[in-house]
There are 2 protein chains.
Amino acid sequence: MTNAGQVLDALGDRTRRAVFARVQRGARSVQEIADGMDVSRPAVSQHLKVLKAARLVTDRAEGTRRLYAVDPTGIAAVRDWLDGFWDEALVAFKAAAEQEAVKERKRR
Amino acid sequence: MTNAGQVLDALGDRTRRAVFARVQRGARSVQEIADGMDVSRPAVSQHLKVLKAARLVTDRAEGTRRLYAVDPTGIAAVRDWLDGFWDEALVAFKAAAEQEAVKERKRR
DNA sequence: GGCCAGCGTTAGTCATCACTTACCGTAAGT
DNA sequence: ACTTACGGTAAGTGATGACTAACGCTGGCC
């Protein structure tokens, strides 16, 4: 199981999110990903390393090129993590809203 | 609509995630949240500010105390953002797997 | 009014990390 | 073997941001 914290740390950077989005849009090689971005290719390479460690992307060698693709594993990890918060958050939120409504009634 | 990037930036810090988790577990005042943590109270206060801006928590004054609660809005934002990736990621992943299988067959 | 508790804010410091430049290894073409 | 394209890595720098200490403000209590 991948640590959700690691994935969130990976997604907690704007540039890295842009790289991730480009991979998902179909970009393959590191060059293609870096083209049009305002950072250098080595920077992209380092970001890909982090994304890979978080299991957000997978890589595969093809000749001298290295092709990157999206890995659902990391996304699933955050998704599960979020869902845990989601349910409890809704319950807590509803309870708080109820309590607010009670106080509101008392005020009149 | 809350920006998903802002929420991810907020969750991209370990300490901030701890603060968020404590709020969800029922901690209310800033003191209660800070108690037992290895950072000072002002630090917690600053983290709460970021979490609030990302609409992950809400605050409400009660006397001199300030009570914090979880706000589902921010979580929903990341959730939607993730779901977008989720669907396309699965499709892309399946396609890639298919292509791999084809290549595998060709190899024999 | 005086006092205390609870928080937010500011200023300043320190560490983390994103980025670039340069370098090295590797695979394919000639 | 030479060259070229591609990409990971190391070293060094700069900027972002997390943290603490000190201060100020507000609300409740005596």
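Computation of the quantities below employed the complete heavy-atom set of this structure, encompassing side-chain atoms and omitting hydrogens, waters and symmetry-equivalent molecules. Everything numeric here is computed off the predicted structure, so don't read it as measured data. Numbers restart at 1 for each chain; the letters A, B, ... are given by sequence-line order, proteins then strands.
- Take Y68(B) and apply the ring-ring contact (aromatic ring centres under 6.0 Å, His included) test, not counting sequence neighbours, and it matches no residue.
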Expected rows: protein N/O vs nucleotides 9-12 of chain D N/O, under 3.5 Å:
none

For the pair R79(B) and D83(A), evaluate side-chain contact (heavy atoms from CB on, under 4.5 Å) and give the outcome as yes or no after the intermediate values.
-> CA-CA 8 Å; R79(B) 216 166 174 275; D83(A) 281 351; 3.0 Å; yes
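- dG6(C) atom C1' lies 12 Å from atom CG of D35(B), rounded to whole Å.
- When rounded to the nearest whole Å, the span between NE2 of H47(A) and C1' of dT20(C) equals 12 Å.
- Linking ILVMFWY residues whenever their side-chain heavy atoms come closer than 4.5 Å, directly or via other members, places W81(B) and L8(A) in the same cluster.
- Of all the heavy atoms in A77(A) and V7(A), the pair that sits closest is CB-CG2, 4.4 Å.
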Tell me, for nucleotides 25-30 of chain C in 5' to 3' order, what letter each nucleotide earns: B for a base near a protein heavy atom under 4.0 Å, S for only sugar-phosphate near one, - for neither?
-> --BS--
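- Sorted by residue number, the members of residues 13-20 of chain A with any non-hydrogen atom under 4.0 Å from DNA chain C read D13(A), T15(A), R16(A).
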Side-chain donor-acceptor contacts of residues 29-41 of chain A below 3.5 Å, not counting sequence neighbours, with atom names and distances?
{"residue": "S29(A)", "atom": "OG", "partner": "E32(A)", "partner atom": "N", "Å": "3.2"}
{"residue": "E32(A)", "atom": "OE1", "partner": "R28(A)", "partner atom": "N", "Å": "3.1"}
{"residue": "E32(A)", "atom": "OE1", "partner": "S29(A)", "partner atom": "N", "Å": "3.3"}

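- Applying the ring pair (Phe, Tyr, Trp, His ring centres under 6.0 Å) test to residues at least two apart or on different chains, the pairs with a partner in residues 3-52 of chain A are F20(A)-F85(B).
- In this structure, Q6(B) CD and R14(A) CZ are separated by 11.0 Å, a value rounded to the nearest 0.5 Å.
- Between the R17(A) side chain and the L11(A) main chain, a donor and an acceptor come within less than 3.5 Å of each other.
- With V70(A) as the partner, the side-chain contact (heavy atoms from CB on, under 4.5 Å) test is satisfied by one option alone out of I75(A), T58(A), L56(A): I75(A).
- A straight line from OH of Y68(B) to P of dG6(C) spans 15 Å, rounded to a whole angstrom.
- Rounding to the nearest 0.5 angstrom, the gap separating the CG atom in D59(B) from the CG atom in L51(B) is 11.0 Å.
- Atom NZ of K52(B) is separated from atom P of dC7(C) by 14 Å (rounded to the nearest Å).
- If you take CG of L48(A) and P of dG8(D), they are 7 Å apart, rounded to a whole angstrom.
- Between the CD atom of Q31(B) and the C1' atom of dC4(C) there is a distance of 13 Å, given to the nearest Å.
- Here dC7(C) is the nucleotide among dG7(D), dC19(D), dC7(C) with the atom lying nearest to any side-chain atom of S29(B).
- Atom CZ of R65(A) and atom C1' of dG8(D) are 16 Å apart (whole Å).
- Summarising the geometry, the separation between CG on D59(A) and C1' on dG7(D) is reported as 11 Å, rounded to the nearest angstrom.
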Output, in order, the C-alpha distance, side-chain angles, deciding distance and verdict of side-chain contact (heavy atoms from CB on, under 4.5 Å) for V50(A) and D9(A).
-> CA-CA 9 Å; V50(A) 177; D9(A) 282 336; over 6 Å; no
